[in-house]
Amino acid sequence: MARTLIDAPASAKRGDIVEIRMLIAHPMESGHRTGPEGKVLPRDIIHRFSCRYGGELVFSAELYPAIAANPYIAFQTVATESGALVFTWEGDNNFAQTETRTITVT
Amino acid sequence: MRRALLLFVVAVASWARADDARRSGFDFMSPGTQAMQRDDMQNPGMLWVQDGEALWNAKAGARDQSCASCHGDAATSMRGVAARYPAFDAAQGMPLTLGQRIDTCRQQYQGGTALAPESRELLSLEAFVALQSRGMPIAPPDDPRLRAFRERGRQWFEKRIGQLNFSCAQCHADNAGQRLGGSVIPEAHPTGYPIYRLEWQDMGSLQRRLRGCMSGVRAEPFPFGSIEMTELELYLARRAAGMRIETPAVRP
């Protein structure tokens, strides 16, 4: 399990624009660098991030080899109803991580 | 009267600032990198801090003790600790860096195995402990037993080394603020270690940074954990005395 830092509000007013930010620990090895023995290090990146809010896809991003290690992603969405925010990162070597935060909308 | 006093206080405060011409590496960074350090959500060093907090509370070693078993809440027990390291250890008869102190504790009181230099565990614990001193001034102890070590540290700082025949001081004291290639030469104040360095894409200790400079001038770097490294750290801490701790800092 990679370590993550997630900043999502626990509560919001209906119709509010909320900012959600997250950081995940990942080497994002580009596949173009050589290691200490001169061999090319195999590519190991996260290639997709998505966020589902109450089951509906509200944000997704494709990531490429030029993105730095420990990628930081921030986006905004409108608080519509109380429910779960499910964050999913998918990457090379079957990397998959899911984190969940709940938001209460009043 | 009150106004005169206020003017006096303001004047003293501005003298204090004007008097201290030293600048942290933070002041040489781009606004974007500065913002990354200021915001704990953007600062990747916080991932290590988070790990360090978990390790602090996790029982480990043959004696099944955690750091918290003895030291309790780090926010109170570790406050200001990083500001005074390296410090003299009477049992070993030599100064220890913060990392070595943590490792000694781990072996002696937890009955654990030694933590490798630059390992994730050691850097995480170091970052978590040093975070408790964030914003506090660096306060090297005035221990007479440290004097000889600190003096040797000053000599290492001023000694020309390597095929390029440069001393630390020639760049970081005489030419600080100038450029080396495309990068600004900072004043070499260790205010934010361990740091998250963008060039490394990783967390690293002061010793890793020093070794980078040493191989840069084509000298053979001092090994991790060597007494020469501790001596250099001692001297650098004295040079930066009074500057604020920024751990975990971000550097380009």
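Naming: A, B, ... by sequence-line order, numbering from 1 per chain. Side-chain atoms are counted along with the backbone in the values below, which use heavy atoms only and exclude waters and symmetry mates.
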Enquirer: Is it the side chain or the backbone of B:Q50 that comes within 4.5 Å of chain A heavy atoms, both, or neither?
Expert: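 Side chain only.
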
Enquirer: Could you tell me which portion of B:D202 (side chain, backbone, both or neither) has an atom closer than 4.5 angstrom to a non-hydrogen atom of chain A?
Expert: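 Contact with chain A involves no heavy atom of B:D202 at all.
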
Enquirer: Verify the neighbour count for atom OH of B:Y109: are there more than 12 heavy atoms of other residues, nucleotides or ligands below 6.0 Å?
Expert: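 No, because the 6.0 Å sphere around OH of B:Y109 holds 12 heavy atoms or fewer from other groups.
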
Enquirer: Looking at side-chain heavy atoms only, is the closest gap between A:R21 and B:D39 below 4.5 Å?
Expert: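 In short, these two side chains touch, coming nearer than 4.5 Å.
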
Enquirer: Just do the side-chain contact (heavy atoms from CB on, under 4.5 Å) check on B:Q201 and A:N70 with the steps written out, would you?
Expert: CA-CA 8 Å; B:Q201 301 269 295; A:N70 309 310; 6.0 Å; no

Enquirer: For the side chain of B:Q42 and the backbone of A:L23, is there at least one donor-acceptor N/O pair under 3.5 Å apart?
Expert: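 Checked: no pair found.
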
Enquirer: Verify the neighbour count for atom CZ of A:R48: are there more than 12 heavy atoms of other residues, nucleotides or ligands below 6.0 Å?
Expert: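 Yes, CZ of A:R48 has more than 12 neighbouring heavy atoms, counting only those of other groups under 6.0 Å.
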
Enquirer: Taking atom CZ of A:R3 and atom CE of B:M46, what is their separation to the nearest 0.5 Å?
Expert: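 Nearest 0.5 Å value for the CZ-CE distance: 12.0 Å.
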
Enquirer: For A:I17, does the CD1 atom have more than 12 heavy-atom neighbours from other residues, nucleotides or ligands under 6.0 Å away?
Expert: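 Counting other residues, nucleotides and ligands, CD1 of A:I17 stays at 12 neighbours or fewer.
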
Enquirer: Quick check: are there more than 12 heavy atoms from other residues, nucleotides or ligands sitting under 6.0 Å from CD of A:E56?
Expert: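 At most 12 heavy atoms, drawn from other residues, nucleotides or ligands, come within 6.0 Å of this atom.
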
Enquirer: Given the options A:I24, A:L5, A:I6, A:D7, which has more heavy-atom pairs under 4.5 Å with chain B than any of the others?
Expert: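 Among the listed options, the one with the most contacts to chain B is A:L5.
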
Enquirer: Heavy-atom count around B:F157 CZ within 6.0 Å, excluding the residue itself: above 12?
Expert: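 More than 12 within 6.0 Å, yes.
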
Enquirer: Would you compute the distance between atom OH of A:Y72 and atom CE of B:M41 and round it to the nearest 0.5 angstrom?
Expert: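 One gets 6.0 Å once the value is rounded to the nearest 0.5 Å.
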
